[in-house]
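Remember, it's a predicted structure, so these values are computed and weren't measured experimentally. Residue numbers begin at 1 in each chain, while the letters A, B, ... track the order of the sequences.
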Amino acid sequence: MPANSLPVTIDRQDFRFDALKKGHNLRFPETDADAPSRIVICSNPTEAADALQHIVSAGLRPTVRSGGHCYEDFVANNPNGAIIDLSTLNAVEASAPGQPYRIAPGAVLGDVYSQLYKRSGVTIPGGSCYMVGAGGHISGGGYGLLSRLHGLTVDWLTGVDILTVDANGNVIDRRINKSNDPELFRACRGAGGGNFGIITSFRFDRLPMAPREVATASISFSWESMTEEKFTKILTTFGDYWEGRGKDPDTWGLFGMMGLHTLTPGGRIGLGVQFCNPDGSIDDLSVLHEFFGRFASLHPDPVSPEIASYGAHVFDPAHREPPPPEAGGSGPSRFYQVNRQLWLAATVSGGAGGGGSRAKYKSAYMKQSFTPAECSTIYKILTSPNIDSHGAVLSIDSYGGAVNNPERIEDTAIAQRASVMKLQWQCYWRNKDEDAGRLKFVDDYYTAVYTGSHVPPENQGTPFGPRYEGCYMNYADVDMLRYDYWPQLFYGTGDLYSFLRKVKRRYDPNNIFHSSMSVRS
Amino acid sequence: MSPNRAWTRRTFLSSLSLIGAGVIIGRAESVQLPKQDAASATWPFFAFVGVSSDAAGSKHTIESYRVVDGRWTEINSLSSASPQSLALHPHLPIVYVAHSTALHGNLPRGSVSGYAIDAAVGELSLLSQEPLTLSATYPGHLAVSADGRILLVSAAGGGAYNLFSLRRDGSILPSPYPLKQAGSGPHFLQSRARPHSVLFQSTYDSAYATDLGADRLNQIALNNAVPTVESRLSFAPGSGPSHIVLHPSGRLLFVVNRLRPGITVVAIDAASGALQSASATYPVDAECAGPIALSATGDRIYIASVQRTGETILSAFAFAQNIGKPRLIQRTSVPRITAPEQLMRHDNQLLLVGAGGVVSVPIERRSGLLGVPIVAVLEPDAVSLALRTIM
């Protein structure tokens with residue numbers, strides 16, 4: 001793309017406008033009046049700079065979209081404003097000798113993994129959804145299945161190209177790193193998109209080698225045989241592992257995820273893992289087997305074909321093996337199978353990335369395992385015939401490992417460096433007339449889980465206090481704004497938020513880049 | 001000007017008082033002002049006084065008064081968050097309020113309300129309330145178009161103007177159009193744009209708006225109720241353009257420079273309403289210059305200002321359109337008011353509102369000179385005022 005090309009502007013009269021005004025969460029824009037006046041497609045940094053200057057000079061609010069997966073209204077609700085769409089600014093440049101890896105914000109994660117792997121055999125420890133854009137994902141930390149092994153994506157970030165707007169409204173093209181604009185650089189390492197400017201390139205001097213293979217496996221528990229006691233035992237067994245054994249470095253290649261859905265006929269609670277050894281091999285699966293062995297006494301369902309391959313998008317019986325008898329049983333009673341997969345195939349195949357429905361999300365970082373009160377509340381809500389919990393999914397991801405390097409609190413904008421699990425509440429529905437009911441349900445569900453003696457009195461309803469580390473900004477949740485300590489929920493109790501405000505005042509003094517949860521100026 | 005002075009929310013936002021309150025209270029307490037009497041009688045009217053306090057247990061109200069023969073009688077008090085600015089609908093009994101807050105509904109934005117005025121007794125009842133756009137915090141001023149269809153708000157905290165459409169019944173439609181500003185100046189209050197005052201000019205379907213932070217005066221076009229900057233004048237860096245009034249001819253604007261106290265006279269293009277040129281700035285001897293009002297004919301300009309000592313002064317200037325240069329003719333002290341927020345002319349009097357209350361200053365009809373200030377309302381945290389004649 002030539003540097004002097006013109007961005008494509010799509011206004012309300014353009015037939016493409018209705019398709020492009022929305023991101024993946026179809027709740028936004030909420031009304032026609034909330035929609036922008038135009039969408040500007042920028043395919044290179046020069047176009048983005050020109051578009052931004054024009055938008056600022058015209059007195060419009062710019063919002064920025066890379067992959068379009070923002071969970072809240074930060075981008076699509078922009079009355080009469082302009083969305084700068086970077087989805088076609090999507091190059092991934094693998095490293096030439098002496099040159100950094102460069103990832104443009106519009107590149108989707110699946111393409112990032114594929115390009116980096118094919119050209120250099122490296123990867124970023126990012127998320128599992130193929131179509132999520134790098135711009136928002138990395139700006140908010142960039143966490144995924146390899147993060148316990150390699151840390152967050154921003155832990156590897158060594159430079160950023162960013163467009164900021166100075167006090168007089170002029171667009172400034174900055175190339176920042178630990179030496180140039182170091183405070184802004186730190187802020188770009190996890191504070192979340194839409195705060196300080198438009199990132200046009202992420203640079204990495206080096207990246208971790210991609211695993212050659214990964215092992216995937218899953219177990220499940222049917223709702224039919226579930227009791228609150230068993231449910232609690234399943235959750236605490238899962239949580240206890242990450243709080244205890246999961247802190248040992250030899251386990252850091254193990255990523256676990258549990259999905260809790262509403263009780264439905266034939267429904268199951270699923271628990272899956274992806275594993276590789278710290279050296280990127282799967283020659284020794286003892287960690288994986290040890291993990292599943294902890295669940296044997298809870299009588300998981302016998303292996304069934306449709307659930308035997310959590311994370312295994314390519315079903316290949318030749319690469320499946322049963323667990324050893326001491327771990328997962330044997331013969332007809334065995335409850336999991338291990339699937340060996342090439343890492344690239346496991347990572348990029350079939351990962352669509354969600355979207356296309358109305359949705360609401362919430363999050364919680366947990367430093368400790370589940371309490372009986374949390375388990376009881378979740379169980380009651382998912383099983384109560386009097387609560388309409390349809391469309392709800394609670395994803396419980398393992399966390400920690402290499403992420404929990406406390407030194408990275410000082411040079412990144414991610415404060416959560418002591419947690420062992422990260423929870424994501426999700427709820428999906430189709431129709432606008434369900435919005436109020438679904439939003440209330442998710443809010444009530446979440447609030448109930450964090451209400452009780454396991455949460456300090458002053459933090460009731462929130463994952464805050466000794467057991468928790470608050471929430472994840474990339475799972476943005478405007479409900480939390482009702483708590484006056486919401487910045488501490490998302491940015492920790494240290495000096496990070498005050499630091500970010502200082503950066504905001506310096507690099508975006510006119511608060512050009514703002515949303516309901518952006519860093520306050 | 002002291003660069004390190006601690007500013008309260010109100011002073012920071014309205015950018016008016018540069019004086020420590022303790023100093024002023026001490027001075028004001030020692031001054032005995034005459035109470036309002038029938039000598040300054042005008043046509044009966046309702047007065048609505050916005051009250052907003054930063055203090056603990058703060059008071060945020062709109063106080064309604066009936067004013068007959070110069071006597072102010074309180075009608076009632078209505079709770080209302082930080083009513084920094086009040087404006088009347090041009091023909092409906094409605095007063096609009098800019099709520100100068102940082103949050104509305106947990107989101108970073110202020111809000112505006114419309115209150116219906118009971119035409120018989122002057123009591124207010126909430127008609128509608130709507131939030132400003134995101135980041136449009138601390139709205140400090142608002143105005144209603146002459147046709148009663150548009151409400152324009154300046155948000156000092158968020159560096160934006162917001163344009164609301166009004167329904168036929170005067171209620172406020174949601175989803176305003178924002179006009180975001182970016183700019184700065186050398187003064188420590190000018191780290192970013194700070195829209196200050198707005199004023200409609202019905203002849204050209206546009207409005208004029210000052211930006212204290214960016215040293216600008218904007219003409220805002222209102223095509224299809226979408227605000228855009230149609231023309232713009234930049235002031236000398238550090239001027240801090242703030243309060244504005246329109247000359248009765250419609251061809252001149254008087255702009256108060258708050259930070260570098262003075263008056264700038266701006267010519268308006270007769271055909272388009274575009275901002276043409278600014279005169280030299282005529283200094284006002286003060287620490288900071290505040291609200292402005294004009295005589296009915298436009299030949300007298302009145303400006304409230306604050307001296308370095310903390311004293312509030314009302315200055316009267318003679319102005320002849322063919323000469324174009326304001327000439328100081330009188331300065332008079334207004335002891336009770338310590339942070340002048342708003343100055344309006346009503347018949348043959350000026351009403352000055354600010355911390356301390358409302359003070360009435362009679363205007364000598366022929367000379368335009370000011371008489372002795374008279375206390376109308378004692379209210380330590382008064383910030384805004386609107387008047388409606390009793391029919």
| field | CG on B:L107 to CZ on A:R482, rounded to 0.5 Å | value | 12.5 Å
| remark: Output for pair (A:D484 CG, B:L103 CG), nearest 0.5 Å, gives 10.0 Å
| note | Looking only at heavy atoms, the pair that brings B:R192 and A:P509 closest together is CD-O, 2.8 Å
| note | Closest non-hydrogen contact found for B:P108 with A:S516 is CD-O, 3.8 Å
| Among residues 221-232 of chain B, which residues come closer than 4.5 Å to chain A, judged by heavy atom distances? | B:V226
| message | So which atom in A:A167 and which in B:S191 form the shortest heavy-atom distance, rounded to 0.1 Å? | response | CB-O, 4.0 Å
| query | Is the side chain of B:K180 donor-acceptor paired with the backbone N or O of A:G81 at a distance under 3.5 Å, no angle test? | reply | no
| request: Can you see which heavy atom on B:R216 is nearest to which on A:N168, and at what distance? | output: NH2-O, 4.4 Å
| Distance (rounded to the nearest 0.5 Å) between A:D34 CG and B:T133 OG1 | 11.0 Å
| field | A:R520 portion near chain B, given a 4.5 angstrom heavy-atom threshold | value | side chain
| remark: Value for CG (A:N80) from CG (B:L163), rounded to nearest 0.5 Å, stands at 10.0 Å
| Heavy-atom contacts under 4.5 Å, residues 164-178 of chain B to chain A | B:S175, B:P176, B:Y177, B:P178
| field | Minimal non-hydrogen separation, A:V56 against B:A182, with atom names | value | CG1-CB, 4.2 Å
| What do you reckon, is CZ of A:R505 surrounded by more than 12 foreign heavy atoms closer than 6.0 Å? | yes
| message | Please classify the contact between A:N511 and chain B as side chain, backbone, both or neither, with a heavy-atom cut-off of under 4.5 Å. | response | both
| said: On a heavy-atom basis, which atom in B:A193 and which in A:N510 lie closest, and how many Å separate them? | reply: N-OD1, 2.8 Å
